[in-house]
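Below: one structure, written as structure tokens.
Chain letters run A, B, ... following the sequence lines, proteins first, then strands; residues in each count from 1.
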Protein chains: 2
Amino acid sequence: MTATARTVPADSASADSSRADAASADSARISLAVSTVIFALRADADATAASLRLPLVRRIREPFKGRWALPGGPIEAAESLSAAAGRNLVETTGLRPTYLEQLYAFGDVDRSPGDRVVSIVYWALVRSEEADLAAEGDNVRWFPADDLPDLAFDHNTIVDYALWRLRTKMEYSRIAHAFLGETFTLSELREVHEAVLRRPIDPANFRRQMEGSKAIIATDQLLTGGRHRPPRLYRYNASVELTDNGPLTSS
Amino acid sequence: MTATARTVPADSASADSSRADAASADSARISLAVSTVIFALRADADATAASLRLPLVRRIREPFKGRWALPGGPIEAAESLSAAAGRNLVETTGLRPTYLEQLYAFGDVDRSPGDRVVSIVYWALVRSEEADLAAEGDNVRWFPADDLPDLAFDHNTIVDYALWRLRTKMEYSRIAHAFLGETFTLSELREVHEAVLRRPIDPANFRRQMEGSKAIIATDQLLTGGRHRPPRLYRYNASVELTDNGPLTSS
DNA sequence: GCAAAAGTGTTCCACATACACCCATGT
DNA sequence: ACATGGGTGTATGTGGAACACTTTTGC
């Protein structure tokens, strides 16, 4: 992460650097794209537990023709980066994200054979119920996030990083709500944590942490129809942000 | 942070999205730039404490001609994003960064009047001693990070976010070393924390936290010449990363 | 000796963990 | 009745905050 810059005489400073935010003929050759890592929790094949899954699209042209890749595309002149990512997501899956955040800008010189592409990558969470009716076909398919094939470009690296961010953020943020609907039981919320973090969590302690955090509000409703004692339904407390992104909450 | 995307028929998915990572005529109109928020700790005017400062460059052309702005410029075809940021930093200040990390990609449609510019912003830390001999002139000047004038573009927002990231990261990472030299006393390290976080820290507890973290190694040398009991010199433990950036440590 | 920073010891408290135990429901 | 998940109570441990106290230097 440390730059490999060399020292240079201090005098050469101001002339070049005053071109701040101006584009030259050089940078016009670099093309810009947006990609999105879309996570959903979906029932496993054996239906015993939910697991993290993400949709990929099959590339229909070179480079990496036939390989699976993250959904992505160019940015239109009149849309912001997050709007481009959101549009992208809708076009690929037909789903609306409940959470969308910029992940990282990937711009290594050789990440795309032939041309130079800088990809601004977003990551998103969609509700499980919605994900079940998501578009799937020959060119769009959902894969288990922890067991992907060899993807096009540096997309395996990108997914690894997105997974790391999701898991890190799950530990200190209220992000799990984004996988669930309007109301939910504490067990459902706990199962989201367990599926993402891949470890069991003590229900008793989880309850106290959540109730102490003021991130959820108990409703007066119980979920009946289960096989056992009906659990209370909770609602997300909209007055607390899902994640603390500092001064960048509104972009 | 939530996208404002609308739902769309699921069928329209694969055709467009398979253009992943390809650039169209649209995105060729968007120019790409790199900017850098460079932090150093420098002695205050009254020399009693150090404070966070950063170098800005004066814009010599429209838009925002005459306004102060973050150092930045275009990305060259053969350099990575971090290399562009590092070069940028050297050209502006003549300094070598001890820490350099991508901050965020800013790409709102109207952030630059007239044209559409996406700026990939890095933030950097440089050593205090080095910063004292940094280039400064009519078009490059250091400002206190917490008291900036009205900057060009959305650069005030960018600095606010960079400050938030620096302060957040200072709390859970070993990043403070980047402001210091090869060896340092615990007081110096603590003063870095105090200056960045703007609050006093108990020296006794700070010592135990640092020693317990294994991030620093005691040398057998004491720093003599002070007015009081000579403190021990410590060295940064290179075997632990400054920050945990997950699977992205080497880019 | 005195001032002041370096460095050590100890108490207190918040909070996470582990786990025993009671509650309410469907079968 | 009993199995099972919902929900409460409680002991133990860990780590930070607060602060008293000792050590070592310059003057």
* **Touch class at under 4.0 angstrom, heavy-atom based, for B:S187 against every strand present** => sugar-phosphate
* **Closest-nucleotide ordering on DNA chain D, the 5'-leading residue of B:R199 and A:A204** => A:A204
* **Any B:R227 side-chain N or O less than 4.0 Å from OP1/OP2 of C:dA4** => no
* Provide, to the nearest angstrom, the distance between the CD1 atom belonging to A:I216 and the P atom belonging to D:dG7. => 10 Å
* Asked: Is A:E171 salt-bridged to A:R199, going by a charged N under 4.0 Å from an acidic O?
  -> yes
* **Rounded distance in Å - CG (B:D202) to C1' (C:dA6)** => 13 Å
* Report the distance from atom CG of B:L233 to atom C1' of C:dG7, rounded to the nearest whole Å. => 15 Å
* **Spacing between A:R207 atom CZ and D:dG6 atom C1', to the nearest angstrom** => 6 Å
* Check every strand shown and say whether B:G226 touches a base, only sugar-phosphate, or nothing at a heavy-atom separation below 4.0 Å. => sugar-phosphate
* Asked: Atom CD of A:Q221 to atom P of D:dG6: distance rounded to whole Å?
  -> 17 Å
* To do: On the 0 to 90° scale, with breaks at 30° and 60°, tag the A:H177-A:F184 ring pair as parallel, tilted or perpendicular.
  => tilted
* To do: Carefully, step by step, assess A:Y234 and A:E188 under the rule side chain to side chain donor-acceptor pair (under 3.5 Å).
  => CA-CA 10 Å; A:Y234 288 80; A:E188 288 169 341; over 6 Å; no
* Starting from P on D:dG16, measure out to CZ on B:R190 and report it in whole angstrom. => 17 Å
* **First encountered from the 5' end of DNA chain C, between A:N205 and A:H228** => A:N205
* Look at the rings of A:H155 and A:F153 and say which category their plane angle falls in: under 30° parallel, 30 to 60° tilted, over 60° perpendicular. => tilted
* To do: Check whether any side-chain nitrogen or oxygen of B:R229 sits under 4.0 Å from OP1 or OP2 of D:dT23, and answer yes or no.
  => no
* To do: Taking only Lys NZ, Arg NE, NH1 and NH2, and the carboxylate oxygens of Asp or Glu, determine whether B:R235 and B:E182 approach each other closer than 4.0 Å.
  => yes
* Can you tell me how far C1' of C:dA14 sits from CD of A:Q209, to the nearest Å? -> 13 Å
* Tell me what B:R208 touches on the nucleic acid: a base, only sugar-phosphate, or nothing, going by heavy atoms under 4.0 Å. => base
* Rounded to whole angstrom units, what separation is found between the CZ atom of B:F206 and the C1' atom of C:dT8? -> 17 Å
